[in-house]
Amino acid sequence: VQLQASGGGSVQAGESLRLSCVVSGSDFWLNVMAWYRQAPGKQREVVARRTSGRGIAYADSVKGRFTISTDSAKNTVYLQMNNLKPEDTAVYYCNLSPPNLSWGQGTLVTVSS
């Protein structure tokens, strides 16, 4: 399974972005995918995750603003990010939940105030 995240960029606070992650190999993995992020000087943290048994969960800091979704026809998992805040600035990664695959390059999101 290979992962390719994209869609990052530089935006102003309050704006939106949608990140995409193409999951090569099989759409089976879409049900156990998650988005993570790592801000400068901080540890990587889970932002949103899908699990086969527990549904969808979000970090408290993004609840109500971020939405994880999938498109099985495109083998893609998305992260819709609305009302972005400067503290959302980070490199965003996709991986399994838990993250058992090699980390890809991620996609940088920069939010300015």
*asked:* Less than 4.5 Å apart, side chain to side chain, heavy atoms only: is that true for K85 and R65?
replied: yes
_S97 side, atom OG; I56 side, atom CD1 - distance, nearest 0.5 Å_ = 11.5 Å
*asked:* Main chain of L19, side chain of W35: is a donor-acceptor contact present, judged purely on distance under 3.5 Å?
replied: no
*Where the side chain of T107 meets the backbone of G8, is there a donor-acceptor pair that is under 3.5 Å apart?*
yes
*Got a second to check how far N31's CG is from T70's OG1, nearest 0.5 Å?*
6.5 Å
*asked:* Any side-chain to backbone donor/acceptor pair from S24 onto Q2? Under 3.5 Å, distance only.
replied: yes
_As a quick check of understanding, evaluate side chain to side chain contact (heavy atoms under 4.5 Å, CB included) for E45 and R37, giving each step before the final call._
CA-CA 6 Å; E45 61 176 351; R37 69 185 180 187; 2.8 Å; yes
*asked:* For a quick test of reading the model, state the closest non-hydrogen atom pair linking P86 to S113 and the distance between them.
replied: CG-CB, 3.9 Å
*Answer with yes or no whether the hydrophobic clustering places V62 together with V111; edges join I, L, V, M, F, W, Y residues whose side-chain heavy atoms lie under 4.5 Å apart.*
yes
*Shared ILVMFWY cluster between L101 and Y36, side chains joined below 4.5 angstrom?*
no
*Search all heavy atoms of V91 against all heavy atoms of Q105 and return the closest pair with its distance.*
CG1-O, 3.9 Å
*asked:* Holding to side chain to side chain donor-acceptor pair (under 3.5 Å), I want the full list of residues that pass it with N82, two or more places apart in sequence or in another chain.
replied: S16, Q80
*Is there a donor-acceptor pair under 3.5 Å between the side chain of S61 and the backbone N or O of A59?*
no
_V23 side chain reached by L3 side chain, heavy atoms, under 4.5 Å_ = yes
*Taking a hydrophobic cluster as the set of Ile, Leu, Val, Met, Phe, Trp and Tyr residues connected by side-chain heavy atoms closer than 4.5 Å, whether directly or through intermediates, do Y93 and I68 fall within one such cluster?*
no
*With R44 as the cation and W103 as the aromatic partner, state whether NZ or CZ is under 6.0 Å from the six-membered ring centre and within 45° of the axis.*
yes
_Counterpart residues, salt bridge (charged side-chain N to carboxylate O under 4.0 Å, His left out), relative to K63 (two or more places apart)_ = D60
_Please tell me whether L96 and Y58 are part of a single hydrophobic cluster in this structure, the criterion being side-chain heavy atoms less than 4.5 Å apart._
yes
*What pairs of residues pass the disulfide bond (SG atoms under 2.5 Å apart) test when at least one of them lies in residues 74-113, not counting sequence neighbours?*
C21-C94
*For the atom pair CD (Q4) and CG (N75), what is the distance rounded to the nearest 0.5 Å?*
14.0 Å
_Verify same cluster id: V11, L79 (apolar side-chain graph, 4.5 Å)_ = yes
_Which atom of M81 lies closest to which atom of V109, heavy atoms considered_ = CE-CG2, 3.8 Å
